Each structure stands twice: as structure tokens, then as C-alpha cells.
Student: 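Attaching a single structure in C-alpha cells format; questions to follow.
Side chains included, hydrogens not; waters and symmetry mates left out as well; all remaining heavy atoms used. Remember, it's a predicted structure, so these values are computed and weren't measured experimentally.
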Amino acid sequence: MASSTGAAGDDRSVVVLPLDDGSLCLRGLSPRRLRFEVEYALERGTCSNSVLFPGAPSLLVHPPGDTFAGPFLEALAERLPAGAPLLVVVGDVNPNRVGLLQRLLGSWPQLELVVSNAGARLLQDLWERRRPGDEAPPPPPLPPLRVVKGDESLPWNGGDLRLLATPTPRWPAALAAFDGASGLLMSGRFFSAHVCTPVLAEANRSSTEDDRRYYFDCLMAPMASQVEAVVDRLESLPIRSLLPLHGPMVSESWRSLLADYRRWGEGQQRASQAVALLYASAYGNTAAIADAIAQGIARAGVRVTSINCEFAEADQLISAIRSCDALLIGSPTLGGHAPTPIVSALGTVLAEGDRDRPVGVFGSYGWSGEALDLLESKLTDGGFSMAFAPIRVKFSPDPATLRQCEETGTALARQLRQRQRRQANRGGGLSESRSDPAVRALGRVIGSLCVLTARRGEGETALEGAMVASWVSQAGFQPPAVSVAVARDRAVESLLHVGDRFALNVLAAGRELGPMKQFLQPFSPGSDRFAGLDLQRSPAGQPVLPDALAWLEATVMQRMECGDHWVLYAEVTAGGLLDDQAQTAVHHRRTGAGY
């Protein structure tokens with residue numbers, strides 16, 4: 001039976017969920033968005049799964065971050081006497097998790113940490129690091145470390161656990177843990193989803209598919225080749241159930257989830273163009289910017305080669321620099337300087353990089369941002385052209401900044417694809433696809449001209465987007481529904497996940513040119529799509545264009561990936577006819593090879 005712990009007035013809590021073998025899942029719950037990283041943008045809250053194996057010593061696998069410290073330590077203290085010996089498997093090392101470990105040490109001084117090689121390096125680096133202006137007392141000494149090298153068994157009084165190092169550029173310290181007695185794989189970041197649920201396991205595969213896919217696209221897609229290698233290793237285990245760091249347990253359909261990870265990464269692997277994304281991140285802020293840029297690039301069908309310069313081999317760095325079509329480099333500013341691994345990577349870029357390929361600079365800083373000035377000046381002086389103005393973020397990025405980063409990545413990917421098409425068509429004339437009779441016939445399929453508008457969130461953190469849509473069709477009577485095709489590289493696509501609302505503004509024949517001019521123009525990343533418009537609002541707050549013929553408000557119920565588009569099935573919840581005399585504007589095309 002589950003029990004719950006949480007402070008009064010705090011919406012974060014911990015539920016304790018018994019597992020089959022007598023171990024306990026201590027799940028931290030947060031119904032609200034915890035952080036501003038792009039991975040949390042669906043705003044469905046999150047949960048953080050830790051597993052406690054009672055024994056002497058007891059074993060704790062994957063402790064949460066300091067965000068859940070209060071309720072988590074309270075729940076742990078009810079089940080583990082203060083001062084008792086405790087082994088802790090740390091599968092993810094970052095400043096937030098280090099804060100929780102330091103608190104653990106205060107109540108359980110006989111603490112021993114189990115980490116990978118990279119995890120040991122990060123812990124030693126982060127243990128006494130403080131943010132600028134932090135006047136907190138110094139932490140206790142770092143407890144003993146037991147270092148896992150590759151794939152090892154961890155014997156302890158209660159049993160035997162298999163630990164597998166699963167490093168990726170984003171999480172070089174990652175460890176997965178497998179309990180052979182129960183068949184439980186504690187997979188860490190892999191297979192996660194940011195949803196808040198007190199229920200131990202998902203009801204069925206489709207109940208969390210959209211959330212797991214979104215998590216993959218945000219964080220896993222930029223390192224698809226490394227992710228596939230980890231999945232191959234994990235699949236060889238005799239798994240019976242899977243418990244990731246975030247989200248519900250997967251019991252019945254873990255095989256299909258592993259297969260989905262391979263399928264989702266195939267598009268990245270097949271892409272003919274690549275962007276090398278080099279970065280280091282002291283507190284996670286620069287990594288969050290990198291994630292957002294990478295998601296925008298990957299959405300547009302360009303492969304991202306993500307490299308953490310603190311842990312990359314020289315040969316890997318040189319290979320990525322030589323083979324990329326564009327190169328981005330991101331850095332924090334620490335003590336007025338760029339970290340040594342970034343300075344070294346910059347030297348490699350200057351020595352090995354192709355001056356005909358665009359470069360970009362991004363990063364976070366606390367006070368002055370000298371590292372970004374260094375990167376920009378050295379690259380421009382070295383003969384490189386900048387793909388975009390340097391992205392400078394003070395402290396942590398907010399939702400609007402992350403959205404701008406995504407759109408910057410998408411804009412860069414589009415530029416690369418357009419350049420590739422121009423090079424392929426230098427001979428002139430129509431391409432075979434445009435002159436093919438079947439493609440020309442496809443162009444005779446017409447649809448109404450609409451402007452799709454979407455808004456998510458409230459107040460200063462609200463995000464809005466819009467696009468011209470002509471691939472629209474009614475899709476149901478009871479309930480009334482529509483289907484809409486949305487290109488993968490549309491900025492508004494990130495606001496159209498299951499549960500999101502949008503408005504379809506149906507344009508009137510003879511009055512469509514104004515709205516089309518407004519929404520077909522190229523927008524700079526982060527710009528306001530509705531500047532200068534006197535908008536109305538649907539009942540759920542979606543933007544309605546007063547010059548439209550009619551409007552529909554709809555909720556996304558399903559998403560289906562179809563080649564270079566997503567097809568949305570949405571149920572209509574409200575609507576209105578603004579002009580009952582006008583006719584619907586339609587879009588006639590000469591070919592099906594374009595809009």
C-alpha cells in the first residue's frame with residue numbers, strides 16, 4: 001500500500017510504492033513544471049523514481065535532486081534509522097543532485113557513493129563548487145566513492161545488483177542498475193517521461209507514448225547513435241519490468257518501448273547533413289540551451305552530433321568538426337573565463353574547421369560572459385562566418401528564451417537544407433518530382449485556407465505560435481473532429497501535443513491575402529507572430545483572428561508521425577461563424593511537391 005509524505009503548503013510530495021521483491025519505490029511528485037528546460041515544456045509536472053533496497057547496509061538507487069529534499073528525506077528517515085550504513089548508486093551527477101547527497105550525509109554519515117568513472121570526476125568537481133554570491137557554509141567532506149568501470153556486479157548484504165555505465169554526451173556519468181532477482185531495470189534517464197502520477201505502472205503503452213516521444217526528441221535524438229548503443233546493451237538483460245528516473249514503471253510493453261527508441265532515432269541516423277554541437281556546462285544552464293537548439297535542428301531533419309567537451313576524446317572531436325555542415329559551440333563563464341575543455345575545443349575548431357561552414361556561439365553566464373566574447377572573437381578573426389547572433393543567457397533560460405533557441409536551431413537547419421537543394425539543382429529546370437504526373441495530380445487535392453493559432457501557459461511564461469494551414473479536413477461527427485497536417489519543422493508544432501488546444505481560423509475568399517502575408521513572412525527566432533493584430537480569444541484562450549470567416553477551437557487527442565509531417569486528430573470543443581455570407585478560401589496548387 002502506498003504512503004505519502006509532503007510538507008504542508010508545498011505541492012511537492014513523495015509517495016512510497018512497494019515493489020514485488022520487498023524493495024520500495026520512493027517517488028517524488030511535482031504537479032507543476034519544475035524547471036525551464038525544454039524537456040519540461042509540456043507542463044505535465046514530473047516524478048522522480050528512487051528505489052530503496054532494505055538491508056545492512058541498505059541500498060538506495062538513483063536519489064532525486066535537491067528539489068525533492070524535504071519530503072524525500074522525511075520518507076527515507078521513516079524507513080532507515082539515522083546513522084545506519086547506506087550505499088547510494090548515483091546514476092546522474094549534477095549540482096541539484098549533489099545538493100541532495102550533501103543533505104543525505106548529514107543524517108547518514110556512514111554513506112558510500114557508487115559512481116562511474118565520469119561520475120567520480122564530476123562529484124569531485126562539483127562537491128565544493130558554489131554559484132556566484134552563494135554564502136552558504138562549506139559542505140562536509142566528500143564521502144567514500146566506489147567506482148564502477150563499465151559493467152560490474154555490486155554485492156551487498158541484501159543481494160546482488162548489476163551496474164552498467166551508460167554514458168552519453170548529455171549524461172556522461174549515467175549508470176543503469178539491474179536487479180536480477182526481480183528483473184527490474186532502473187534505467188535512469190533512458191525511457192523517461194515527465195508526467196506526474198502516483199500510480200506505480202502505466203496503464204498501457206499508448207497512455208504515455210506522446211510524453212516518452214517528446215522526452216526522446218528533446219534529449220535523446222541529438223545523440224541517437226550513442227543512445228542506440230546503450231539500448232542494445234540493455235536489451236540483452238533478462239528484463240521483466242523497467243523503472244526509469246522519470247515517469248511510471250513499464251511492465252507489459254518494455255520491448256516495444258526499446259523498439260520505439262530505435263525507430264525514433266532512425267530519422268536522425270539517415271539525415272544527410274549534420275551539425276556538430278560542442279559544449280560544456282557548469283550548472284546545467286548551457287546544456288539546457290544546447291538541448292533546445294538541438295531539438296530545433298533535429299525537428300527540421302538535420303542530424304545533430306552532440307559532444308560534451310569535458311569528456312570527449314580528441315579523435316571524436318576532430319571527426320565531428322571535419323564532417324559537419326555547421327558547427328555550434330557553447331560555454332559557461334566561470335571566474336571570467338571559458339572552461340579549459342572549451343578553450344581546447346576552440347583551438348581544435350580553429351585548426352581543423354572548414355571556413356565555408358557556418359558557426360554559432362551560445363552560453364550562459366552569471367555576470368559578464370567573457371567566454372562568449374572569446375568564442376565569437378576567435379572564430380570571426382579566424383575567418384568563420386556566424387550563422388546567428390551569439391545566444392547569451394544570464395543565469396537560467398526562461399521558456400521564451402528556450403523557444404527562441406529552438407527556433408534558432410530550426411532556422412539554421414532550414415538554411416542548410418536550402419543550400420543543399422540549391423547545390424543539387426544548379427543544372428536548372430524542374431526536378432523529376434515536380435514534373436511527375438502523379439505528383440502533379442496530387443496537387444489537385446485542395447483544402448481550405450486557415451491560420452492555425454496556438455497558445456500554451458499563462459502570463460509571462462505563455463508561449464504562442466501560428467502557421468498557415470491548408471492540409472485540413474473534418475475527421476469526425478460524434479464527437480466533431482478535424483485532422484491537420486503540420487510539418488515537423490514548424491515552430492508551432494511544439495505547442496501541438498496531446499492535450500494541447502489550438503484554434504483554426506478559416507479564411508474568407510477575397511480576404512485571405514492579408515492574413516497570409518502576416519503569417520507566411522519569415523519570422524526571426526523568438527519574434528511575436530501576432531504583432532499589430534487585434535486578437536480575440538476562444539473560450540480556452542486561443543488566439544482568434546477577427547478577419548476570419550469562422551473559427552474552431554480544438555484539443556489534440558492523437559498525433560501520428562507521417563514522414564516529414566505530423567498528422568493531428570483533434571476534437572472540436574467550441575467555434576463560431578464570423579461571416580455567414582462569405583465563401584471559404586481554398587488553395588489551388590500546380591503540383592503536390594510543395595504547398
Student: Does any part of the side chain of F502, heavy atoms only, come nearer than 4.5 Å to the side chain of V492, both counted from C-beta?
Tutor: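 SC-SC contact between V492 and F502 ruled out.
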Student: Between the main-chain N or O of G443 and the side-chain N or O of R590, is there a donor-acceptor pair closer than 3.5 Å?
Tutor: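 Such a contact is absent between R590 side chain and G443 backbone.
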Student: Tell me the closest heavy-atom pair linking E553 and P539, and the distance in Å.
Tutor: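 So the two residues come closest at OE2-N, 3.5 Å.
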Student: For L29 and T197, work out which heavy atoms get closest and say how close.
Tutor: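 What the structure gives for the nearest pair is CD2-O, 3.3 Å.
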Student: For the residue pair Y215 and H246, does the interplanar ring angle fall in the parallel (under 30°), tilted (30 to 60°) or perpendicular (over 60°) class?
Tutor: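 Aromatic pair Y215/H246 classed tilted.
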Student: Let me confirm one number: the CD-CG distance from E464 to D528, rounded to the nearest 0.5 Å.
Tutor: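 If I round to the nearest 0.5 Å, the distance is 7.0 Å.
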Student: Which atom pairs, donor and acceptor, lie under 3.5 Å between side-chain atoms of residues 469-480 and protein residues at least two apart or in another chain?
Tutor:
from	atom 1	to	atom 2	distance (Å)
Q474	NE2	G476	O	3.3

Student: Is the backbone of R529 close enough, under 3.5 Å, to the side chain of Q518 for a donor and an acceptor to pair up by distance?
Tutor: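 Pair found, side chain donor or acceptor close to backbone of R529.
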Student: Could you tell me the separation between the CG atom of L243 and the OG atom of S187, rounded to the nearest 0.5 Å?
Tutor: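 L243 atom CG to S187 atom OG measures 7.0 Å (nearest 0.5 Å).
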Student: Answer yes or no: is there an ion pair linking R213 with D260, defined by an N-O contact shorter than 4.0 Å?
Tutor: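 Judged by the 4.0 Å cut-off on N to carboxylate O distance, R213 and D260 do not form a salt bridge.
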Student: Over all heavy atoms of both residues, which pair between A75 and V16 is shortest? Give the atoms and the distance, please.
Tutor: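 What the structure gives for the nearest pair is CB-CG2, 4.3 Å.
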Student: Can you find a pair of side-chain heavy atoms, one from L234 and one from W254, that are under 4.5 Å apart?
Tutor: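 Contact flag for L234/W254 side chains = no.
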Student: So N49 and L245, do their side chains get closer than 4.5 Å, heavy atoms only?
Tutor: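 Side-chain contact under 4.5 Å: no.
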Student: Between the main-chain N or O of L496 and the side-chain N or O of R559, is there a donor-acceptor pair closer than 3.5 Å?
Tutor: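 Pair found, side chain donor or acceptor close to backbone of L496.
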Student: Indicate yes or no for a side-chain donor-acceptor contact from E235 to the backbone of D232 under 3.5 Å, with no hydrogens or angles considered.
Tutor: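 Here the side-chain-to-backbone pair does not exist.
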Student: Are the charged groups of E252 and R205 less than 4.0 angstrom apart, N to O?
Tutor: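 Salt bridge flag = no for R205 with E252.
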Student: Applying the side chain to side chain contact (heavy atoms under 4.5 Å, CB included) test to N505, which of L549, T453, V468 qualifies?
Tutor: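 With N505 as partner, L549, T453, V468 yield a single side chain to side chain contact (heavy atoms under 4.5 Å, CB included), made by T453.
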Student: Are the side chains of E202 and R212 in contact, using a 4.5 Å heavy-atom criterion?
Tutor: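 A side-chain contact exists here, since the closest heavy-atom pair is under 4.5 Å.
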Student: Please test T67 against F72 for side-chain contact (heavy atoms from CB on, under 4.5 Å), starting from the C-alpha separation and ending with a verdict.
Tutor: CA-CA 9 Å; T67 309; F72 179 81; over 6 Å; no
Student: Is the count of non-hydrogen atoms from other residues, nucleotides or ligands lying under 6.0 Å from E458 atom CD greater than 12?
Tutor: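 Check fails, neighbour count at 12 or below.
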Student: Tell me, do N285 and V393 make a side-chain contact under 4.5 Å, heavy atoms counted?
Tutor: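 Not touching, per the 4.5 Å side-chain cut-off.
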Student: Hey, are the side chains of F190 and T166 touching, using non-hydrogen atoms and a 4.5 Å cut-off?
Tutor: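 A side-chain contact under 4.5 Å exists here.
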Student: Distance from Q542 atom CD to R455 atom CZ, nearest 0.5 Å?
Tutor: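 That separation rounds to 8.5 Å.
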Student: Working note: W264 + V227, criterion side-chain contact (heavy atoms from CB on, under 4.5 Å); need CA distance, chi angles, decisive distance, verdict.
Tutor: CA-CA 11 Å; W264 295 339; V227 168; over 6 Å; no
Student: Mind checking the CD-CD spacing from Q415 to Q418? Nearest 0.5 Å is all I need.
Tutor: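 One finds 7.0 Å between CD of Q415 and CD of Q418.
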Student: Looking only at non-hydrogen atoms, find the nearest pair between V195 and G247 and report the distance.
Tutor: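 Smallest interatomic distance, heavy atoms only, reads CG2-CA, 4.3 Å.
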Student: Which atoms form the tightest heavy-atom contact between L24 and P18, and what is the distance?
Tutor: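 For L24 and P18, the tightest heavy-atom pair comes out as CD2-CA, 3.9 Å.
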Student: Has R32 got a side-chain atom pairing as donor or acceptor with D11's backbone, closer than 3.5 angstrom?
Tutor: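 Looks like no, no N/O pair under 3.5 Å.
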Student: List the steps and the verdict of side-chain contact (heavy atoms from CB on, under 4.5 Å) for L535 and L545.
Tutor: CA-CA 6 Å; L535 296 173; L545 306 181; 3.6 Å; yes
Student: Please report the shortest heavy-atom distance between D217 and W566, naming the atom on each side.
Tutor: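 Looking at all heavy atoms of both residues, the shortest contact is OD2-CZ2, 4.5 Å.
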Student: Is the side chain of E406 donor-acceptor paired with the backbone N or O of Q404 at a distance under 3.5 Å, no angle test?
Tutor: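 Here the side-chain-to-backbone pair does not exist.
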Student: Distance-only, no hydrogens or angles: does the Q420 side chain make a donor-acceptor pair with backbone N or O of Q273 under 3.5 Å?
Tutor: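 No, the answer is negative, given that no donor and acceptor are paired below the 3.5 Å cut-off.
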Student: Taking the side chain from R511 and the backbone from A582, do they hold a donor-acceptor pair closer than 3.5 Å?
Tutor: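 Absent.
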Student: Regarding T555 and E571, is there a side-chain donor-to-acceptor distance under 3.5 Å anywhere?
Tutor: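 T555 vs E571: no donor-acceptor pair found between side chains.
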Student: For H194, run the ring-ring contact (aromatic ring centres under 6.0 Å, His included) check against Y40, Y214, F216 and tell me which one passes.
Tutor: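 With H194 as partner, ring-ring contact (aromatic ring centres under 6.0 Å, His included) holds for just one option, Y40.
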Student: Would you say T410's side chain and D489's backbone share a donor-acceptor pair under 3.5 angstrom?
Tutor: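 No; judged by distance alone, with no hydrogens or angles, the pair does not exist.
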Student: Is D534 atom CG crowded by more than 12 heavy atoms from other residues, nucleotides or ligands, each under 6.0 Å away?
Tutor: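 Result for CG/D534: open.
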Student: Just do the side-chain contact (heavy atoms from CB on, under 4.5 Å) check on R262 and V231 with the steps written out, would you?
Tutor: CA-CA 8 Å; R262 286 198 181 86; V231 171; 3.8 Å; yes
Student: Just verifying a value: how many Å separate S23 OG and L52 CG, rounded to the nearest 0.5 Å?
Tutor: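 Nearest 0.5 Å value for the OG-CG distance: 8.0 Å.
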Student: Out of V544, V482, T573, which residue meets the side chain to side chain contact (heavy atoms under 4.5 Å, CB included) rule with L552?
Tutor: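 When V544, V482, T573 are each tested with L552, the side chain to side chain contact (heavy atoms under 4.5 Å, CB included) holds only for V482.
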Student: Kindly indicate whether the side chain of I239, heavy atoms from C-beta on, has any atom under 4.5 Å from the side chain of F178.
Tutor: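 The answer is yes; the side chains approach within 4.5 Å.
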Student: Between E493 and R299, does any NZ, NE, NH1 or NH2 come within less than 4.0 Å of an OD or OE carboxylate oxygen?
Tutor: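 A salt bridge is present here (some side-chain N lies under 4.0 Å from a carboxylate O).
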Student: Working to the nearest 0.5 angstrom, can you tell me the gap between M186 CE and M249 CE?
Tutor: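 Answer for the CE-CE pair, M186 versus M249, is 9.0 Å.
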Student: Please identify each residue that fulfils salt bridge (charged side-chain N to carboxylate O under 4.0 Å, His left out) with D291, with sequence neighbours left out.
Tutor: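 D291 satisfies salt bridge (charged side-chain N to carboxylate O under 4.0 Å, His left out) with R170 once adjacent residues are dropped.
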Student: Counting C-beta onward and ignoring hydrogens, is there a side-chain heavy-atom pair between L42 and R456 closer than 4.5 Å?
Tutor: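 Yes, side chains in contact.
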Student: Looking at R403 and E407, is any side-chain nitrogen of the basic one under 4.0 Å from a carboxylate oxygen of the acidic one?
Tutor: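 Counted as a salt bridge, because a side-chain N and a carboxylate O are separated by less than 4.0 Å.
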Student: Would a distance-only check, ignoring hydrogens and angles, find a side-chain to backbone donor-acceptor pair under 3.5 Å from R12 to A69?
Tutor: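 Flag not set: sc R12 to bb A69 has no pair under 3.5 Å.
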